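Below is one structure; the comments refer to it alone.
Just so we're on the same page: letters track the sequence lines, and every chain starts at 1. Note that this is a predicted model, so its numbers are computed, not measured.
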2 protein chains.
Amino acid sequence: MKILVVDDEALLVKGIRFNLQNEGYKVITASDGLEALQLVQTQNPDLVVLDVMMPNMDGMTACSKIREFSDVPIILLTAKTEDMDKLMGFDHGADDYLTKPFNILELKARIRALLRRAGTAERRTPSHHLTTGSITLDLDGRNAYKSGVMVELTAKEFDVIEFLMRNPNRVYSREALLDTIWAYEYRSDIRTVDVHIRRLREKLEENPAEPKHILTKWGVGYYFKK
Amino acid sequence: MKILVVDDEALLVKGIRFNLQNEGYKVITASDGLEALQLVQTQNPDLVVLDVMMPNMDGMTACSKIREFSDVPIILLTAKTEDMDKLMGFDHGADDYLTKPFNILELKARIRALLRRAGTAERRTPSHHLTTGSITLDLDGRNAYKSGVMVELTAKEFDVIEFLMRNPNRVYSREALLDTIWAYEYRSDIRTVDVHIRRLREKLEENPAEPKHILTKWGVGYYFKK
DNA sequence: AATATGGATGCGCGGTTTTTTCATGGGAAC
DNA sequence: GTTCCCATGAAAAAACCGCGCATCCATATT
């Protein structure tokens with residue numbers, strides 16, 4: 001079981017890490033919301049402990065954003081009880097809350113409870129997502145997430161990346177892509193595929209010039225590397 | 001249990017907050033009727049304590065307006081016993097009344113009683129509402145509320161928005177909407193969907209030209225963003 | 001029965017966004 | 001070094017949506 005702990009107070013994180021590792025959990029850490037978002041995406045933890053007060057992106061916002069693409073159980077930490085009130089009002093999608101300073105035993109108990117619940121209880125509305133590395137497709141909303149940040153895709157762009165991600169590590173010629181994705185539409189120029197690949201790289205790759213997932217097979221076509 | 005306390009006398013609010021928090025309740029506050037209306041809408045408290053004399057919108061009016069879209073228990077506070085007589089005459093939908101100055105112990109007792117009663121009553125007749133942001137659907141009355149203000153919807157309009165709000169963040173093509181909402185009726189023109197979406201935006205969005213919830217997914221269809 | 005009213009539907013124009021096409025330069029393969 | 005092949009920028013072409021307005025239809029009113 002892998003737990004992501006997010007807080008900008010290094011000492012507190014160190015303490016939690018020590019305690020949870022003693023309990024047999026794997027622990028990864030982040031010090032702000034943005035980092036947290038990326039780690040949830042790339043490391044796929046089984047549970048997240050998230051502080052509310054943080055630089056870059058606060059815990060509430062991070063929580064909402066994580067919920068856009070993941071159902072991982074989340075525990076929010078807050079410093080004051082008054083903040084807690086505010087927290088409870090809005091639906092950030094957190095599963096549990098804890099006020100600082102807290103008893104480490106209580107945190108451990110709540111983690112156990114949540115993991116048990118997540119393991120048995122049926123998920124809320126089963127969300128339809130497709131994830132590889134830092135790229136996630138939201139099949140319902142027809143959008144993508146790059147390191148947890150939403151990226152809007154056009155209709156054709158989505159069709160192309162969905163097909164490639166559903167059949168990873170497999171090379172498709174431009175003709176094949178036109179046949180499957182453009183199907184019975186007017187048969188367009190073969191270079192059209194290139195342009196869509198370019199747009200996808202611009203939107204989804206960290207460095208579009210050196211793509212890590214949306215790759216070219218020279219003289220053959222394109223493929224999605226998992 | 002979350003309680004909304006509404007009064008323009010800051011000192012009194014502070015006192016009530018202190019006492020109720022000691023009792024283990026979460027407390028949120030407002031200083032006039034308008035603010036109260038919004039908080040009931042967005043924060044969904046379990047009980048409301050409402051002063052009658054207030055700027056912007058008095059407690060009686062606020063009470064009536066809250067009743068249009070919520071069954072939350074309400075306790076009205078009034079300064080003079082004479083006003084109380086008047087109050088009792090009209091039906092504002094309040095559940096209990098208290099004359100200032102009151103004993104804090106009495107307020108606490110009445111809150112306990114109301115919450116207990118609501119706890120059992122709610123299980124029998126759950127109120128049917130669907131809320132996101134400033135938009136609320138009244139499933140029984142088949143009307144909508146925009147920031148607490150009632151908006152009349154026609155039959156088809158209600159069908160469309162109800163379906164979209166029950167399945168938020170999910171894109172539906174016009175065909176899919178016609179199939180599910182228009183079901184077995186005569187299959188109308190695909191543009192019909194556009195027109196209903198337009199009407200809904202005019203009625204429910206703050207700025208219909210820049211909708212925040214009822215959104216278009218270019219080349220695909222429409223969706224309700226939560 | 002005739003008329004009025006309000007909702008649902010159909011159509012087309014104009015502006016916007018997406019998709020496709022095209023030209024050019026730079027890399028990869030041999 | 002030569003020959004393909006692909007990436008990139010720009011711009012044309014096509015597709016699509018929003019909106020006003022006309023029409024159809026059902027129900028209520030007189």
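- Ion pairing between a basic and an acidic side chain is recognised when a charged N comes within 4.0 Å of a carboxylate O; Arg142(B) and Asp159(B) show such pairing.
- Atom CZ of Arg199(B) is separated from atom C1' of dG10(C) by 12 Å (rounded to the nearest Å).
- Summarising the geometry, atom OG1 belonging to Thr192(A) is positioned 11.5 Å from atom CG belonging to Leu177(A); distances are rounded to the nearest 0.5 Å.
- OP1 or OP2 of dG18(D) has at least one side-chain nitrogen or oxygen of Thr216(B) nearer than 4.0 Å.
- Remark: the Glu68(A) side chain and the Tyr145(A) side chain contain an N/O donor-acceptor pair separated by less than 3.5 Å.
- No donor-acceptor contact under 3.5 Å links the side chain of Arg201(B) to the base of dG18(D).
- The side chain of Arg198(B) lies closest to dG20(D), out of dG20(D), dT19(C), dT20(C).
- Of all non-hydrogen atoms in Asn143(B) and Leu153(B), the two that sit nearest each other are OD1-N, 3.5 Å.
- For DNA chain D, none of the residues of residues 161-173 of chain B falls under the heavy-atom distance limit of 4.0 Å.
- If you take CD of Glu210(A) and P of dT8(D), they are 11 Å apart, rounded to a whole angstrom.
- Taking only side-chain nitrogens and oxygens, Tyr222(B) comes nearer than 4.0 Å to OP1 or OP2 of dG18(D).
- Both Glu202(A) and Gly221(A) lie near DNA chain D, and the one whose nearest nucleotide falls closer to the 5' end is Gly221(A).
- When the P atom of dC4(D) is taken as reference, atom CG of Asp194(A) falls 18 Å away, rounded to whole Å.
- Each of Val220(B) and Val195(B) has a nearest nucleotide on DNA chain D; the 5'-most of these lies closest to Val220(B).
- Atom C1' of nucleotide dT19(C) and atom CD1 of Ile197(A) are separated by 15 Å, given to the nearest angstrom.
- Heavy-atom minimum distance, Met53(B) versus Asp8(B): O-OD1, 3.3 Å.
- Listed nucleotides dC21(D), dT19(C), dT21(C) differ in distance to His196(A); the shortest reach to its side chain belongs to dT19(C).
- Look at NZ on Lys217(A): it is 12 Å from P on dC6(D), rounded to the nearest Å.
- Side-chain N/O atoms of Thr154(B) include one lying less than 4.0 angstrom from OP1 or OP2 on dA8(C).
- With dC21(D), dA8(C), dT20(C) as the candidates, the nucleotide lying closest to the side chain of Lys156(B) is dA8(C).
- The CG atom of Asp71(B) sits 6.5 Å away from the NE2 atom of His129(B) when rounded to the nearest 0.5 Å.
- One interatomic measurement links the two molecules: CD1 of Ile190(A) to C1' of dC6(D), which rounds to 13 Å at whole-angstrom precision.
- Nearest-nucleotide positions on DNA chain C place Ala155(B) closer to the 5' end than the other of Trp218(A) and Ala155(B).
- The CZ-P distance, from Arg174(A) to dT20(C), rounds to 15 Å in whole Å.
- Nearest to the side-chain atoms of Asp189(A) among the listed nucleotides dC17(D), dT21(C), dG7(C) stands dT21(C).
- At a cut-off of 3.5 angstrom, counting only N and O atoms as typed in the model, there is no donor on one side facing an acceptor on the other between the side-chain of Arg191(B) and the base of dG12(C).
- Looking at Thr180(A), its side chain does come within 3.5 Å of a backbone N or O of Ala176(A) through a donor-acceptor pair.
- Note on ring orientation: taking the six-membered ring where Trp is involved, the planes of His196(B) and Trp182(B) are perpendicular (angle over 60°, cut-offs 30° and 60°).
- When rounded to the nearest whole Å, the span between CH2 of Trp182(A) and C1' of dT18(C) equals 12 Å.
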